[in-house]
Number of protein chains: 2
Amino acid sequence: MNRFLSSAVNRIDAKGRVSVPAHFRSVVQSRGYAELYAIRQLDIPALDVGGLDLLDRYEARIGLEDPFMQTADDMSFFVHGDGAFLKFDQDGRISVTDFIREHTGITTEVAFVGRGDFFQMWEPSKLAAYGAQARARLLRLRQGMKPGGETGEQPE
Amino acid sequence: MNRFLSSAVNRIDAKGRVSVPAHFRSVVQSRGYAELYAIRQLDIPALDVGGLDLLDRYEARIGLEDPFMQTADDMSFFVHGDGAFLKFDQDGRISVTDFIREHTGITTEVAFVGRGDFFQMWEPSKLAAYGAQARARLLRLRQGMKPGGETGEQPE
DNA sequence: ACTGTTCCCGTTGACGCCCATATAGCCCCA
DNA sequence: TGGGGCTATATGGGCGTCAACGGGAACAGT
């Protein structure tokens with residue numbers, strides 16, 4: 001399977017390196033990503049990491065904004081100017097730079113979370129908190145929806 | 001028969017493995033599932049396990065949302081971040097990882113429950129409790145009472 | 001020269017592969 | 001029809017492989 005799926009927490013060693021989960025590495029390879037590109041999430045202390053096609057997604061988002069507005073310029077600045085490339089060493093590890101630490105609050109451990117076409121890096125406790133919120137939002141959504149929808153409904 | 005039906009309880013061995021019931025394995029094979037996709041239920045301590053079409057269904061549902069809204073992000077977070085692939089060993093066993101244990105409370109035994117197009121994994125006593133509640137809800141319905149009345153216990 | 005990065009090696013623990021055993025159900029055959 | 005053996009399933013365990021991780025040494029940039 002070549003989608004980023006599931007999550008894992010790995011430790012950062014004394015030299016500031018962390019192993020990217022083996023499953024994610026194989027996805028990276030099967031997708032033919034030569035390098036990984038990381039972008040800071042706007043309102044969330046997480047990094048989105050993926051191939052260069054990750055940029056396409058963000059550029060599509062920018063395209064929805066009025067190019068004369070400040071928002072579009074801010075977004076463009078953010079996406080194009082505030083990203084970084086991550087390089088694997090021979091053991092499949094990347095080094096956790098200040099670029100990563102500042103935005104995420106990561107110190108000693110990194111939580112990797114699959115997101116389909118990309119994955120995220122989190123500080124584990126912040127991930128847990130955010131996950132609980134996301135879950136609560138989905139539950140509210142489900143209770144507000146009419147039962148008997150087709151595609152996404154759980155048989156219950 | 002091509003559906004996941006009936007239920008069984010199997011033991012987890014010292015290495016953290018558990019046999020998937022042979023009947024379920026034959027359904028898996030007849031459906032041509034190469035690997036199993038597992039996802040945590042939102043508000044119930046159980047895992048839904050099925051083929052890739054289960055994942056496809058969820059992703060199709062996500063595709064209906066505006067990809068830049070919170071809801072789409074929450075759904076992807078849930079489907080991809082709270083999902084995982086399970087691999088059979090050659091004897092038809094899967095290993096019970098922390099991913100499974102955390103959400104379900106499974107420790108020494110696993111209850112497998114057929115649900116038609118997928119099956120579920122439960123901690124046996126929680127399954128029994130949930131089954132009793134479900135039965136009670138159905139009974140109240142038949143008697144013309146409102147479901148979820150004051151006598152109902154919360155899932156635990 | 002110093003600091004940070006990259007390469008390479010060793011250790012440890014988890015997991016997959018393979019084989020063994022026990023038990024229960026089934027079939028065959030006398 | 002009763003008994004014996006065969007088979008399939010669940011389960012246990014030995015062992016090799018690989019991923020995560022730690023650390024020494026080579027290397028490069030300042």
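Everything numeric here is computed off the predicted structure, so don't read it as measured data. Letters A, B, ... mirror the listed sequences (proteins, then strands); counts begin at 1.
For A:Asp91, taking side-chain heavy atoms from C-beta onward, the closest of the listed nucleotides D:dG13, D:dA20, D:dC21 is D:dC21. Considering only side-chain atoms of A:Lys87, the nucleotide from C:dT6, D:dG12, C:dG16 that sits closest is C:dT6.
In this structure, the NZ atom of A:Lys15 is 8 Å from the P atom of D:dG24, given to the nearest Å. Look at NE2 on B:His23: it is 12 Å from P on D:dA10, rounded to the nearest Å. One can place CD of B:Gln90 at 19 Å from P of D:dG12, the figure rounded to the nearest angstrom. C:dA20 atom P lies 18 Å from atom CG of B:Asp13, rounded to whole Å. Distance A:Asn10 CG to D:dG22 P: 10 Å, rounded to the nearest Å. B:Glu35 places its CD atom 15 Å from the C1' atom of C:dG16, with the value rounded to the nearest Å. Rounded to an integer number of Å, the gap from CZ of A:Phe112 to C1' of D:dC21 is 13 Å. One atom, CZ of A:Arg11, and another, P of C:dT12, lie 14 Å apart when rounded to the nearest Å.
A donor-acceptor contact closer than 3.5 angstrom is absent between the side chains of A:His103 and A:Gln41. Looking only at atom types and distance, the side chain of A:Ser19 has no donor-acceptor partner in the side chain of A:Asn10 under 3.5 Å away.
Donor-acceptor pairing under 3.5 Å, judged by distance alone, is present between the side chain of A:Arg17 and the base of D:dG23. The base of D:dG22 sits with one of its N or O atoms less than 3.5 Å from a complementary donor or acceptor on the side chain of A:Arg93.
Between B:Asp13 and B:Arg93 there is a salt bridge, with a side-chain nitrogen of the basic residue lying less than 4.0 Å from a carboxylate oxygen of the acidic one.
The residue A:Val20 sits close only to the backbone: its heavy atoms come under 4.0 Å of sugar-phosphate atoms, none of a base.
Note: the hydrophobic cluster containing A:Tyr37 does not contain A:Val28 (ILVMFWY, side chain heavy atoms under 4.5 Å, direct or indirect links).
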